[in-house]
Amino acid sequence: MTSPLDATSGSALLAPLVLSGRRLRNRVAHTSMSTYMARDGRITDALVRYYANRAEGGAALVVTEPISMAVRQTAWSRPRIYDDSQQDDFRRWADAVERHDCRLIGQIQDGGRARHEVGRTFNAIGPSRLPDDLSWSMPHALDAGEIRGLVDEFAQSSRRLQQCGFSGVELSAAHGHLFHQFFSPWANVREDDYGGSWENRVRFVAELVSAIRALCGPDFIVGLKLPGDDGVPGSIGPAEAATVADLLTRSQEASYVCFAQGAHAQTLEMHVPDRFGPYVPYLDLLRTLKPACNGVPLMALGRITDPAEAEGILARGEAELIGLGRALLADPAWLPKAVAGRTNDIRYCVSCNTCWDTIITHNLPIACINNPRVAMAQEVDWWPRADAARRRVVIVGSGVAGLEAAWVAAGRGHEVTVLGRAGEVGGKARLRARLPGGETLTSVYDYQFVAAQKAGVRFELGVEADAAAILALRPDTVVLATGSAMYTPQWIPADVAAMGLVPDFHAALWDLVRHSGRQPGTAVVYDMDHTEGTYAGIELLGRTFDRTVVLTPREGIAREVSTVARQGILRRFSFLPIEVVPLAEPVWSESFEFGALEYRNVYSDRRATVEDVAFLSFSTPRVPDIALLQPLRDAGIDVRLVGDARTARNVLAATADGHELGNRL
């Protein structure tokens, strides 16, 4: 019988590979993802655990988040290798990963003029004095001496990493960062040795690769992440990418190549392909660009989530390595589970980009909606330990928060019963799964349901639980995972609200998905939510009705989502009959009976009318549904609130909330 990580099992994923004299035990690599776990430029225990967990989980190569390699790089979120006081921490980091027979690769990256956070940066550098497309930051144009100075600093820092036990470095020359800017005719209009011809445009990176090789020797891995298609007219498309790759791999100094997409422009969303697009969206481009790599091993990346996809890429010879970022964030044990035939046990990446939102929008440590144990000491293939003190727990609600609490509590040995109003588990996530871009969300509650059954949870679904029915189960603890309901906005008269003539968006969408097909007239949604789920619903309206109008009291839409999510929303809306009216609020009047909805500007009170209204709904902040709380407490029951019943938030919070409570019960 073969071991799950035994190459003789026949899995292409388990075949060894040698890069620059360094043996990789299999073909799975963790691609670079910023964790925001450093503090004030210093390595933390959480950061080390994050990478060690991915190595323990089976990855053969782990590329770190960008490391500060030059003195000008002072971001609080990036460890600083040039800081002499941190050498022992870098050694500890390398040892924690390499002890698992996993190669640790430090990433070299400078954003140059690029910025994807709000506001401009005033210490940006770049090849030319041209503004960043996204933030409009104006860079200082590096002169030849400054370029050579950066080459030296980056090479010396690479040598420091080698001395600390790292197996190599990766040059991040895609995503619209500094090296990419030198390649791009859109960003680089120089006429010296670093601009003009393609040989000059790649010179910065070529000189850096040679400098690293000279200092670190032939058995040090040097990877190249290159642009495959940045989506910016006049910049780097597939033809230009092939030229860049050919020039940079002719010398054979590079150990591997991977291609990424997008830039710091209206195409930033391309670099983290989400659930609104196809799986493995870069594959055709990789097939086109592979011949330009001069035999240097190619790492495939870009929304590879399923083991069968990865096996196929390797078996067909389309790449030599599989690069997984978000997939290994969601489940560091993705590989051993896959090769052991335990695909039902994988917590799959749903490509929602909540991880990107967490670090970039909120400046918080990276998190995942399907992995509430990111960077914990016991993360890899975790299952709860049974407790001696067995309790009878009743969980009311079968959504994401309730399911997570249920399987964890049952795994710890408690007797758990879940009461669910719907006939199926999933709660509001089940509705989201039926909207555009929602299909992958099923994997969250599917995993939880399978785990709950394995742990012995008893389910009573399709029942409306009242206090008497709950008390009849003689619980020691009741968990209310009863969710929330949308607040009824004040422009709807009380009598109209009482009759339910204007349904909230959740209720309206359930009716819509049950009766699919084109419908005449105009759909109107009042948007006081500004989250991704609301816009998925509006996208469905845009596909269903002749016209859709979004009214919002804010100055624009999608203000509660990340930049990459907002770009996708605006892009998709642009191709549908969807109109957005900012600074607007409906005004209820009798004319609505005839399909005319009046609205007003929230500042000037200027009025206008939407005609032929066939659908009207509102998406607003949500009020927790806790009607059962007081009756149960009056009966002396220990009651806990979880998920939206505690405070209405997103799926990330629901999973984390349920997991934490399940461990505390």
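What you are looking at is a predicted structure, and each value in this text was computed from that prediction instead of being measured. All values below were derived from every heavy atom in this structure, side-chain atoms included, with hydrogens, water molecules and symmetry-related copies excluded.
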Trainee: So, for L329 and P332, which heavy atoms are closest and what is the spacing to 0.1 Å?
Mentor: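 Scanning both residues, the minimum pair turns out to be O-CD, 4.4 Å.
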Trainee: Which heavy atom of L301 sits nearest to which heavy atom of A260, and what is that distance?
Mentor: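 The answer is CD1-CA, 4.4 Å.
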Trainee: Check whether the ring centres of W334 and Y348 lie less than 6.0 Å apart, and answer yes or no.
Mentor: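 Judged by ring-centre distance (under 6.0 Å), W334 and Y348 do not meet the cut-off.
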Trainee: Below 4.0 angstrom, N of the basic side chain to O of the carboxylate: do R373 and E379 qualify?
Mentor: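 Salt bridge between R373 and E379, a charged N being under 4.0 Å from a carboxylate O: no.
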Trainee: Could you check if a side-chain atom of L540 sits within less than 4.5 angstrom of a side-chain atom of L512, using non-hydrogen atoms only?
Mentor: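 With C-beta onward as the side chain, the pair touches.
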Trainee: What I want to find out is whether R649 reaches D657 closely enough, with some N-O distance under 4.0 Å, to be called a salt bridge.
Mentor: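 A salt bridge is present here (some side-chain N lies under 4.0 Å from a carboxylate O).
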Trainee: Go through the side-chain N and O atoms of Q107 and S32 and say whether any donor and acceptor fall under 3.5 Å apart.
Mentor: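 Q107 vs S32: donor-acceptor pair found between side chains.
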Trainee: Carefully, step by step, assess Q378 and M376 under the rule side-chain contact (heavy atoms from CB on, under 4.5 Å).
Mentor: CA-CA 5 Å; Q378 294 176 318; M376 290 188 183; 5.9 Å; no
Trainee: Hydrogens and angles aside, do Y50 and H30 bring a side-chain donor and acceptor to less than 3.5 Å of each other?
Mentor: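 Judged by distance alone, the side chains do pair up.
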Trainee: Compute whether any side-chain donor of one residue and acceptor of the other, for S11 and E311, lie under 3.5 angstrom apart.
Mentor: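 Yes, side-chain donor-acceptor contact under 3.5 Å.
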Trainee: Let me see the working for T620 and D504 under side-chain contact (heavy atoms from CB on, under 4.5 Å), right down to the final yes or no.
Mentor: CA-CA 8 Å; T620 55; D504 70 65; over 6 Å; no
Trainee: Which pair of non-hydrogen atoms, one from S562 and one from D357, has the smallest distance, and what is that distance?
Mentor: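 Shortest heavy-atom contact: CB-OD1, 3.4 Å.
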Trainee: Should the pair R640-D638 be classified as a salt bridge under the 4.0 Å nitrogen-to-oxygen rule?
Mentor: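 So R640 pairs with D638 through a salt bridge.
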Trainee: At what distance, to the nearest 0.5 angstrom, does OG of S619 lie from OH of Y487?
Mentor: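 Answer rounded to 0.5 Å: 13.5 Å.
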Trainee: With sequence neighbours left out, what residues match D634 under salt bridge (Lys or Arg N to Asp or Glu O under 4.0 Å)?
Mentor: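 Testing D634 for salt bridge (Lys or Arg N to Asp or Glu O under 4.0 Å), a comparison that skips the adjacent residues, returns none.
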Trainee: Would you check if the side chain of R390 reaches a backbone N or O of G413 as a donor-acceptor pair within less than 3.5 Å?
Mentor: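 Side chain of R390 to backbone of G413: a pair is present.
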Trainee: T477 vs R391, test: side-chain hydrogen bond (donor to acceptor under 3.5 Å, both in side chains). Steps then yes/no.
Mentor: CA-CA 8 Å; T477 296; R391 308 179 73 190; 2.9 Å; yes
Trainee: Okay, side chain of T482, backbone of D625: is any donor-acceptor separation there less than 3.5 Å?
Mentor: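 At least one qualifying donor-acceptor pair exists.
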Trainee: Could you pull out all donor-acceptor pairs under 3.5 Å where a side-chain atom in residues 434-441 meets a protein atom, sequence neighbours excluded?
Mentor:
from, atom 1, to, atom 2, distance (Å)
R434, NH2, V513, O, 3.3
T440, OG1, V350, O, 2.8

Trainee: Evaluate side-chain hydrogen bond (donor to acceptor under 3.5 Å, both in side chains) for T35 paired with E65, printing each intermediate quantity in order.
Mentor: CA-CA 7 Å; T35 66; E65 57 209 277; 2.8 Å; yes
Trainee: Is NZ or CZ of K454 both nearer than 6.0 Å to the six-membered ring centre of W383 and within 45° of the ring axis?
Mentor: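 Positive - K454 is close enough to the ring of W383 and near enough to its axis.
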Trainee: Is the side chain of E532 donor-acceptor paired with the backbone N or O of A565 at a distance under 3.5 Å, no angle test?
Mentor: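 Such a contact is absent between E532 side chain and A565 backbone.
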Trainee: Just do the ring pair (Phe, Tyr, Trp, His ring centres under 6.0 Å) check on W93 and F166 with the steps written out, would you?
Mentor: CA-CA 9 Å; W93 186 3; F166 282 60; 5.6 Å; yes
Trainee: Do side-chain atoms of D40 reach the backbone of R42 as a donor and acceptor pair under 3.5 angstrom?
Mentor: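 Not a single qualifying donor-acceptor pair exists.
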Trainee: What are the two closest non-hydrogen atoms of L61 and V63, and how far apart are they?
Mentor: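 So the minimum-distance heavy-atom pair works out to CD2-CG2, 3.5 Å.
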Trainee: Side-chain contact test, heavy atoms from C-beta onward, threshold under 4.5 Å: evaluate it for T64 versus I67 and give yes or no.
Mentor: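 Yes, side chains in contact.
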Trainee: Donor-acceptor pair, S617 side chain versus F505 backbone, under 3.5 Å?
Mentor: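 Looks like yes, one N/O pair under 3.5 Å.
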Trainee: Answer yes when D95 and R92 have at least one side-chain N-carboxylate O distance shorter than 4.0 Å, and no when they do not.
Mentor: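 R92 and D95: not salt-bridged.
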Trainee: Taking all atoms of both residues into account, what is the closest heavy-atom pair of S398 and G420, and its distance?
Mentor: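 Reported closest heavy-atom pair: OG-CA, 4.0 Å.
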Trainee: Is it the case that the side chain of N26 and the backbone of G58 share a donor-acceptor pair, with hydrogens and angles ignored and the cut-off at 3.5 Å?
Mentor: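 Yes: the side chain of N26 pairs with the backbone of G58.
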Trainee: For residues H100 and Y51, establish whether the separation of their ring centroids is below 6.0 Å.
Mentor: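 No, they do not, as the ring centres are separated by 6.0 Å or more.
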Trainee: Is any side-chain heavy atom of V463 closer than 4.5 Å to one of R421?
Mentor: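 No, every pair of side-chain atoms sits at 4.5 Å or beyond.
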Trainee: Take the angle between the ring planes of H271 and W356 and call it parallel below 30°, perpendicular above 60°, tilted in between.
Mentor: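 Ring orientation, 0 to 90° scale: perpendicular.
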Trainee: Between the side chains of R39 and S77, does any donor sit under 3.5 Å from an acceptor?
Mentor: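 There is no such pair (donor and acceptor under 3.5 Å, judged by atom type) between the side chains of R39 and S77.
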Trainee: Are R458 and E460 within salt-bridge range, i.e. N to O under 4.0 Å?
Mentor: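 Judged by the 4.0 Å cut-off on N to carboxylate O distance, R458 and E460 do form a salt bridge.
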Trainee: Do the non-hydrogen side-chain atoms of P621 and M528 ever get within less than 4.5 Å of each other?
Mentor: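 In short, these two side chains touch, coming nearer than 4.5 Å.
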Trainee: Are any non-hydrogen side-chain atoms of I43 and V48 less than 4.5 angstrom apart?
Mentor: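 Result yes, sub-4.5 Å side-chain heavy-atom pair found.
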Trainee: Just by distance, do the side chain of T655 and the backbone of V651 share a donor-acceptor pair under 3.5 Å?
Mentor: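 At least one qualifying donor-acceptor pair exists.
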Trainee: Using 4.0 Å as the upper bound for N to carboxylate O, is an ion pair formed by E415 and R474?
Mentor: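 E415 and R474: not salt-bridged.
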Trainee: For ring pair (Phe, Tyr, Trp, His ring centres under 6.0 Å), just list the numbers for F459 and F449, CA-CA rounded to whole Å, side-chain angles, deciding distance to a tenth of an Å, and then say yes or no.
Mentor: CA-CA 10 Å; F459 284 89; F449 189 48; 5.0 Å; yes
Trainee: Measure across V408 and G662 and return the closest heavy-atom pair with its distance rounded to 0.1 Å.
Mentor: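 So the minimum-distance heavy-atom pair works out to CG1-C, 3.6 Å.
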Trainee: May I ask you to decide if R392's main-chain N or O and D476's side chain share a donor-acceptor pair within less than 3.5 Å?
Mentor: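 Yes; judged by distance alone, with no hydrogens or angles, the pair exists.
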Trainee: Inspect the contact between D83 and R80 and indicate whether a charged nitrogen and a carboxylate oxygen are less than 4.0 angstrom apart.
Mentor: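 Judged by the 4.0 Å cut-off on N to carboxylate O distance, R80 and D83 do not form a salt bridge.
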Trainee: Between R347 and D381 (salt bridge meaning N to carboxylate O under 4.0 Å), is one present in this structure?
Mentor: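 So R347 does not pair with D381 through a salt bridge.
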Trainee: Under a 4.5 Å cut-off applied to non-hydrogen side-chain atoms, are F276 and E539 in contact?
Mentor: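 Yes, their side chains come closer than 4.5 Å.
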Trainee: What distance separates R432 CZ from L509 CG, expressed to the nearest 0.5 Å?
Mentor: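 It comes to 10.0 Å.
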Trainee: Please confirm whether the backbone N or O of D101 pairs with a side-chain atom of R25, one donor and one acceptor, at under 3.5 Å?
Mentor: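 Judged by distance alone, yes, a pair lies under 3.5 Å.
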Trainee: Kindly indicate whether the side chain of C355, heavy atoms from C-beta on, has any atom under 4.5 Å from the side chain of C368.
Mentor: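 No - every pair of side-chain heavy atoms lies 4.5 Å or more apart.
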Trainee: Show your working on side-chain contact (heavy atoms from CB on, under 4.5 Å) between M37 and I366 and close with a plain yes or no.
Mentor: CA-CA 8 Å; M37 291 177 186; I366 198 167; 3.8 Å; yes
Trainee: Decide whether Y447 and D345 meet the rule of one side-chain donor and one side-chain acceptor closer than 3.5 Å.
Mentor: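 No, no side-chain donor-acceptor contact under 3.5 Å.
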Trainee: Working note: L419 + I470, criterion side-chain contact (heavy atoms from CB on, under 4.5 Å); need CA distance, chi angles, decisive distance, verdict.
Mentor: CA-CA 9 Å; L419 306 178; I470 295 168; 4.0 Å; yes
Trainee: In this structure, which one of T305, N353, T31 forms a side-chain hydrogen bond (donor to acceptor under 3.5 Å, both in side chains) with R326?
Mentor: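 For R326, the side-chain hydrogen bond (donor to acceptor under 3.5 Å, both in side chains) test succeeds with only one of T305, N353, T31, which is N353.
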Trainee: Determine whether V444 and T442 make a side-chain contact, defined as any pair of heavy atoms from C-beta on separated by less than 4.5 Å.
Mentor: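 A side-chain contact under 4.5 Å is absent here.
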Trainee: Indicate yes or no for a side-chain donor-acceptor contact from H175 to the backbone of G262 under 3.5 Å, with no hydrogens or angles considered.
Mentor: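 Absent.
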Trainee: From D466 CG over to L471 CG, what is the distance, rounded to the nearest 0.5 angstrom?
Mentor: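 Spacing of CG (D466) from CG (L471) equals 9.0 Å.
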Trainee: Could you give me the CA-CA distance, side-chain angles and deciding distance for R303 and S351, then say whether side-chain hydrogen bond (donor to acceptor under 3.5 Å, both in side chains) is met?
Mentor: CA-CA 7 Å; R303 204 185 173 207; S351 308; 2.8 Å; yes
